[in-house]
Protein chains: 2
Amino acid sequence: MSQTDTSAVPSESAQHEAALFELLRIPSVSADSRHKPDVARAADWVEARLRGMGLAVERLATPGAPILFAQSPPVPGKPVALIYGHYDVQPPDPLDEWQSPPFEPTVRDGNVYARGATDDKGQMLTHVLGVESLLKAEDKLPIQVKFLIEGEEEVGSEHLEAAVGANRDKLACDVVVVSDSSQFAPGVPAITYGLRGIAYYELFVEGPKQDLHSGSFGGGVTNPVNTLAKLLAALVDSDGRIQVPGFYDNVEPLTDRERAEFARLPFDEERFKKQLNVDGVTGEKGFTTLERRWARPTCDVNGIWGGYQGEGAKTVLPARAGAKVSFRLVPNQDPEKITAGLRKLLEPLVPPGAKLTIKPHHGAPGVKFSLESPYMAAATAAIEAGFGAKPVFMREGGSIPIVGTFARELDADVLLLGWGLDDDNTHSPNEKFNLGDFHRGIKASAALWTHLANCG
Amino acid sequence: MSQTDTSAVPSESAQHEAALFELLRIPSVSADSRHKPDVARAADWVEARLRGMGLAVERLATPGAPILFAQSPPVPGKPVALIYGHYDVQPPDPLDEWQSPPFEPTVRDGNVYARGATDDKGQMLTHVLGVESLLKAEDKLPIQVKFLIEGEEEVGSEHLEAAVGANRDKLACDVVVVSDSSQFAPGVPAITYGLRGIAYYELFVEGPKQDLHSGSFGGGVTNPVNTLAKLLAALVDSDGRIQVPGFYDNVEPLTDRERAEFARLPFDEERFKKQLNVDGVTGEKGFTTLERRWARPTCDVNGIWGGYQGEGAKTVLPARAGAKVSFRLVPNQDPEKITAGLRKLLEPLVPPGAKLTIKPHHGAPGVKFSLESPYMAAATAAIEAGFGAKPVFMREGGSIPIVGTFARELDADVLLLGWGLDDDNTHSPNEKFNLGDFHRGIKASAALWTHLANCG
């Protein structure tokens with residue numbers, strides 16, 4: 001059966017790519033309020049596509065960007081799968097580093113280049129189109145499939161969590177399927193069983209009421225930029241250990257099995273450095289690069305600003321400075337506790353004449369899922385059908401905040417099936433998605449619903 | 001005699017203000033290449049005014065903004081005075097903090113608000129108009145007066161130094177007069193006998209070849225912004241002592257007399273904090289606020305940038321970051337040595353995976369002049385004539401890089417006669433100049449040439 005369905009996919013591939021490009025042309029940047037209308041257009045596009053395949057579609061009540069919910073008819077005695085994805089994208093800047101415009105999908109070397117190609121429009125569509133092609137091949141699905149597609153993932157999914165809590169019955173399922181991550185390497189598909197969480201903050205340091213002449217006033221008053229640098233430098237010590245009080249209290253250590261499996265993976269550190277054009281890598285002492293990226297908490301300054309950034313030399317003592325700072329969290333770390341610890345660490349370091357404001361942005365704990373579930377086995381078989389290779393099991397350093405919510409609120413297992421690659425430049429200029437993987441992902445998705453039917 | 005001349009000034013005051021406003025309307029921002037034509041227009045305006053009063057005017061050869069030179073006929077047996085000023089101004093940003101547009105001079109409470117009002121168009125003009133009014137009252141000047149007016153002071157006067165060296169004979173003088181500083185307080189005119197120097201740098205930290213996803217890569221690679229924060233934090237210790245090796249080696253200590261005189265000045269620290277709206281002040285331990293601002297070296301970050309500065313939360317690991325950093329220097333500190341020391345301090349702190357570039361911008365040593373010279377006595381008398389009060393003797397934290405050059409190249413004393421006030425917001429939004437002081441400065445200038453004639 002899965003043969004019939006999946007063999008139908010290639011002949012539809014041109015039409016599938018056309019659909020992908022249509023969606024990629026919509027600049028649905030959720031972080032930038034100027035793009036609100038585009039976010040709405042992307043929602044309309046996805047809704048129309050789901051409706052077109054005969055699913056019952058509705059919008060869950062939310063004060064934020066539209067949250068789409070769609071479902072196929074129930075199939076008694078079979079598991080229910082909920083597919084989650086998002087139609088919003090990261091801001092495209094710095095624009096001048098894109099080889100082709102971020103919202104004009106362009107194909108080079110078998111890849112489509114556009115903001116959102118991998119994260120998450122392309123991967124989300126593999127399931128929309130996978131279900132669509134299966135429905136075309138047979139009039140009904142072997143299990144009940146539900147879709148939950150949101151438009152605020154890149155800004156912390158702040159309204160989805162409430163929507164999930166308010167719609168537990170509607171969203172009830174046995175397994176959640178999410179494709180918003182990567183394969184381990186080209187030709188090495190992976191199932192990701194763990195994700196890091198996040199705690200994101202904006203720091204503001206205010207000094208004198210306005211910019212001052214650094215000659216006349218320098219040395220006489222506290223400089224907010226010097227102060228901000230001191231605060232940021234205090235976050236991490238020279239061994240890469242984060243100094244927030246209690247930060248490591250609940251960190252689950254890597255098991256020997258995990259460390260051994262990570263070490264077995266074909267990760268080439270020299271290739272990695274070459275790919276990033278760096279002469280070395282640093283991080284928490286005592287851990288390998290994969291361990292630091294996947295299973296250890298971190299602290300990164302995501303942005304900083306203050307004073308004169310223009311051409312030439314302006315001798316100014318800035319009135320204020322700010323930074324965006326985020327911590328990646330591993331399972332059992334609580335973002336609330338991190339916020340309290342951050343205040344406890346930084347507030348005593350603020351000198352007279354400066355005022356620190358810490359604005360928590362969004363937070364989500366890290367998650368991990370069992371490698372032993374029947375759903376994991378079904379996904380393994382589906383990936384073999386779509387990609388022609390057995391998947392490896394890995395963790396991922398990025399966050400999908402809502403995954404923790406699904407596990408908690410719906411008491412469901414979550415399958416993280418990444419079709420992307422780690423050089424897809426998600427959140428960077430020249431984001432791409434391999435079109436071969438796009439089609440293989442659609443094929444694997446179409447196969448998955450059939451394999452899940454055997455888990456009943 | 002000085003009675004006759006100076007009494008002529010008030011009747012001309014409306015015309016003098018009209019001249020000031022005309023010049024202030026020209027946005028001659030030397031740091032921003034887009035304003036090059038405006039810088040040229042300001043030069044033309046000053047040249048026309050000098051020519052109009054019958055002086056021989058020429059432009060000294062320079063690859064930079066026009067350097068104007070003008071002179072009156074020699075007066076045998078009398079000292080020669082060289083008046084220095086500049087017609088360029090600081091960038092006006094942040095624009096949204098101006099109460100009236102920076103290049104539309106606006107009078108409020110007896111002050112004219114505009115970029116360059118005090119620094120240095122208004123103060124420079126007091127001498128142009130002082131000499132002009134004296135020439136109107138009597139056909140000739142009691143001493144030979146020379147003008148040297150440049151357009152690159154706010155970007156380090158890089159071409160003036162060469163021009164002075166190449167025109168020693170033409171510029172030969174006994175005393176240089178500069179009005180580009182402040183009175184001690186309203187009604188407390190001052191002669192500034194010392195200035196701090198400067199060493200200005202741009203720091204660039206480069207990491208991965210492009211911005212990365214801070215989730216997938218965070219902890220795995222060196223973050224350029226975290227790195228920059230560490231470098232900046234290492235510049236100054238918790239006692240406000242600058243950590244650049246050898247930084248304090250040649251610093252001339254404050255004399256007991258200086259510390260006593262500074263302490264006697266009517267400086268109200270509470271008023272100072274209130275004026276800046278800060279709850280406290282910090283700086284080098286063991287020195288008063290006036291000592292730190294006038295006579296101790298400092299380190300200020302003037303600007304910083306890196307990563308995402310837009311709305312919302314972008315989870316990016318930035319590819320690069322940068323900062324503008326300047327040190328204020330006191331007499332005997334050598335900017336070249338500071339540059340070497342800065343590299344020695346920072347380069348070993350740069351971790352693998354990051355590259356530091358230090359770009360020296362401009363440097364100038366600090367200066368100090370004798371309180372005992374006959375020129376100092378003439379200036380004291382002229383200020384009494386113009387302001388009706390004896391001046392106090394102070395130092396200033398800002399730099400006029402060229403002052404050191406005059407002392408060295410022309411072997412001349414330099415009179416720093418500040419007509420401004422310390423709340424004039426030079427280099428800040430809402431720069432202003434008190435119009436009463438503008439007219440008193442013109443009157444003092446007109447009197448100065450007569451008093452200097454007695455120094456022969």
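Letters A, B, ... are given to chains in the order of the sequence lines, protein chains preceding strands, and every chain is numbered from 1.
- Contacts of Tyr308(B) with chain A are made by both backbone and side-chain atoms, with heavy-atom separations under 4.5 Å.
- Distance check: Asn226(B) CG to Leu235(A) CG gives 7.5 Å after rounding to the nearest 0.5 Å.
- Between Ala229(A) and Ala233(B) the shortest heavy-atom distance is O-CB, 3.9 Å.
- Applying the side chain to side chain donor-acceptor pair (under 3.5 Å) rule to Lys230(A) yields no partners; only residues at least two apart in sequence or on another chain are considered.
- At a heavy-atom separation below 4.5 angstrom, chain A is approached by Lys209(B), Gln210(B), Asp211(B), Leu212(B), His213(B), Ser214(B), Gly215(B), Ser216(B), Phe217(B) within residues 209-217 of chain B.
- We find the NE2-NZ distance between His427(B) and Lys314(A) to be 8.5 Å, quoted to the nearest 0.5 Å.
- Shortest non-hydrogen contact noted between Thr282(B) and Pro351(A) is CG2-CB, 4.1 Å.
- Only the backbone of Glu154(B) comes within less than 4.5 Å of a heavy atom in chain A; its side chain stays farther off.
- Looking at Ser33(B), both its backbone and its side chain come within 4.5 Å of chain A, counting heavy atoms on both sides.
- Heavy atoms closer than 4.5 Å to chain A are found in the side chain of Ile198(B), but not in its backbone.
- For chain A, the nearby parts of Glu311(B) are the backbone and the side chain; heavy atoms of each come within less than 4.5 Å.
- Ranked by heavy-atom pairs shorter than 4.5 Å toward chain A, the options Ala313(B), Gly312(B), Pro208(B) are led by Ala313(B).
- Considering all non-hydrogen atoms of both residues, Val281(B) and Val221(A) come closest at CG1-CG1, 4.2 Å.
- How far CG of Leu232(B) is from CD1 of Ile304(A): 7.5 Å, rounded to the nearest 0.5 Å.
- At a 4.5 Å heavy-atom cutoff, Phe287(B) makes no contact with chain A through either its backbone or its side chain.
- Within the 4.5 Å cutoff, the side chain of Lys324(B) has no heavy atoms near those of the Gln309(A) side chain.
- Checked by atom type and distance alone, the side chain of Arg292(B) pairs as donor or acceptor with a backbone atom of Gly220(A) at under 3.5 Å.
- Although no hydrogens or angles enter the test, the distance criterion places no donor-acceptor pair under 3.5 Å between the side chain of Asn302(A) and the main chain of Thr315(B).
- Using a 4.5 Å cut-off between heavy atoms, Arg296(B) does not touch chain A at all.
- Put simply, the side chain of Asn223(A) never gets that close to the backbone of Asp300(B): no donor and acceptor are under 3.5 Å apart.
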